[in-house]
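Owing to the predicted nature of the structure, the values given are computational and were not obtained by experimental measurement. Here is how names work: the chains are called A, B, and so on, in the same order as the sequence lines, proteins then strands, and each is numbered from 1. Side chains are part of it too, since the values below use all heavy atoms of this structure and drop only hydrogens, waters and symmetry mates.
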There are 2 protein chains.
Amino acid sequence: MSAEAKQLAEAREEFVAQWGAMGSQWGINRTMAQIHALLMTSLDPISTDDVMAELQVSRGNAHTNLKELVAWGLVRVVVKKGERREYFEAEKDVWQIFTIVTRERKKREIEPALAVLNRCSEGTKELKTPEGRAFHDQVKQLEEFVGFASKVADKVGSMKHGFAIQMAAKMLG
Amino acid sequence: MSAEAKQLAEAREEFVAQWGAMGSQWGINRTMAQIHALLMTSLDPISTDDVMAELQVSRGNAHTNLKELVAWGLVRVVVKKGERREYFEAEKDVWQIFTIVTRERKKREIEPALAVLNRCSEGTKELKTPEGRAFHDQVKQLEEFVGFASKVADKVGSMKHGFAIQMAAKMLG
DNA sequence: ATCGCGTTTCAATATTTTCTGAAACTTCAA
DNA sequence: TTGAAGTTTCAGAAAATATTGAAACGCGAT
């Protein structure tokens with residue numbers, strides 16, 4: 001192996017390892033994040049067995065997390081003609097990745113919160129005691145804010161790359 | 001207990017329980033989220049013993065998570081004159097809560113990612129093989145995007161309530 | 001200096017989450 | 001129909017996280 005190839009292999013290994021470690025901070029499991037890192041930096045689609053070999057994980061683990069990435073929409077299944085084996089390739093466009101993660105986080109984090117807040121706010125609407133009113137008001141404020149965040153997430157998630165960059169640039173400027 | 005008081009107690013209990021369950025989804029531990037819910041909907045500051053009684057958790061657990069909330073800046077310590085015991089009260093303004101969480105998430109999620117990306121991008125700058133270039137380019141794109149997100153987070157985290165609402169309204173309109 | 005009251009720490013334990021490995025299943029070609 | 005190649009599932013094992021409970025600690029009053 002040439003010096004260049006070695007340098008690349010090292011950098012990639014670090015990227016995969018660190019991205020995996022970060023997965024935890026993000027509430028995403030380590031293997032899933034590592035596979036994602038591996039796929040994002042692979043020129044060609046790779047198979048379950050490749051993942052097993054690269055990351056030293058079991059077939060079950062590799063399989064489950066590949067399919068989870070496919071469910072998120074961050075990874076696509078690729079079939080090579082004349083081969084039965086499935087290959088996988090990642091979405092590489094960073095804006096696409098961002099919108100996918102935004103949609104997914106909205107679904108997992110914002111929507112359930114909103115449902116809880118709606119319920120608690122509705123159920124205390126006509127309370128008359130000071131404690132009851134205070135509770136209702138606080139929950140209502142949270143509800144309104146989270147509802148608003150939900151709309152923002154929708155908007156951002158449906159923006160085209162160029163438009164988003166333009167808007168953000170204006171905001172930062 | 002009156003019917004109103006019962007209704008309130010029930011609603012609050014549900015809010016605390018559900019907010020706690022959601023903590024997991026958010027990568028925040030359940031007790032911490034429950035304490036936060038409790039404090040956000042409490043008119044008066046409450047003590048460690050109150051938390052232990054309400055949530056049926058140990059002193060150590062209550063203590064650790066209260067202090068963690070204080071470290072985040074979501075909760076303040078209150079000393080009542082003539083009392084040695086510490087009481088705690090939550091920040092109740094939703095925009096304040098949002099900016100605090102934004103800052104904290106930036107610190108925990110965005111900054112470490114950026115550090116990794118910087119390192120991996122720097123370390124592969126002068127690779128010449130197609131694989132090396134592809135890796136460098138992909139990492140660089142991620143780096144640029146995350147760096148951008150970092151700036152946006154700073155900006156949003158330092159906005160005044162009114163200004164942010166105005167801007168977001170324009171964006172959604 | 002000692003006591004009483006509250007805070008803090010931490011080793012042991014419990015719970016939750018992730019991972020493994022093997023069996024069951026599917027599909028397709030012979 | 002059989003079997004080779006690949007995929008999927010899942011019960012049990014391992015690892016990571018959260019929680020307990022009790023001891024150590026800090027501090028002001030006596």
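Panel note: side chain A:S150, backbone A:V146; no donor-acceptor pair is recorded below 3.5 Å. Side-chain atoms of B:K92 come within 3.5 Å of backbone N or O of B:S42 as a donor-acceptor pair.
A:K67 places its NZ atom 14 Å from the P atom of D:dG6, with the value rounded to the nearest Å. Summarising the geometry, the separation between CE on B:M32 and P on D:dT19 is reported as 12 Å, rounded to the nearest angstrom. Distance B:I35 CD1 to D:dA18 C1': 12 Å, rounded to the nearest Å. In this structure, CD of B:E68 is placed 13 Å from C1' of D:dA18, rounded to the nearest angstrom. Taking atom CD of B:E83 as the reference point, atom C1' of C:dC5 lies 12 Å away to the nearest angstrom. Taking atom CD1 of A:I28 as the reference point, atom C1' of C:dT17 lies 15 Å away to the nearest angstrom. Separating the CZ atom of A:R59 from the P atom of C:dA23 is a distance of 14 Å, rounded to the nearest angstrom. If you measure from atom CZ of B:R85 to atom P of C:dT8, you get 13 Å, rounded to the nearest angstrom.
Taking all atoms of both residues into account, the shortest heavy-atom contact from A:I46 to A:V51 is CD1-CG2, 3.9 Å.
With hydrogens and angles left out, the side chain of A:R30 and the base of C:dT18 share no donor-acceptor pair within 3.5 Å.
OP1 or OP2 of C:dT18 has not a single side-chain nitrogen or oxygen of A:T31 nearer than 4.0 Å. Close to C:dT8, at under 4.0 Å from its OP1 or OP2, lies a side-chain N or O of B:H63. OP1 and OP2 of C:dG6 both lie 4.0 Å or more from every side-chain N or O belonging to B:R84. Side-chain N/O atoms of B:N61 include none lying less than 4.0 angstrom from OP1 or OP2 on D:dA18. The phosphate of C:dC19 has OP1 or OP2 within less than 4.0 Å of a side-chain N or O from A:N29.
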Subject >> Stepwise side-chain hydrogen bond (donor to acceptor under 3.5 Å, both in side chains) test for A:Q138 and B:T41 >> reply: CA-CA 7 Å; A:Q138 182 65 37; B:T41 57; over 6 Å; no
Subject >> Working for salt bridge (charged side-chain N to carboxylate O under 4.0 Å, His left out), residues A:K107 and A:E111 >> reply: CA-CA 5 Å; A:K107 191 158 60 188; A:E111 283 171 9; over 6 Å; no
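For DNA chain D, the residues of residues 36-57 of chain B within the heavy-atom distance limit of 4.0 Å (strictly under) are B:Q56, B:V57, sorted by number.
When only modelled atom types and interatomic distance are considered, B:S47 and B:D50 share a side-chain donor-acceptor pair under 3.5 Å.
Distance check, rounded to the nearest 0.5 Å: CD1 of B:I28 to CG of B:L69 gives 8.5 Å.
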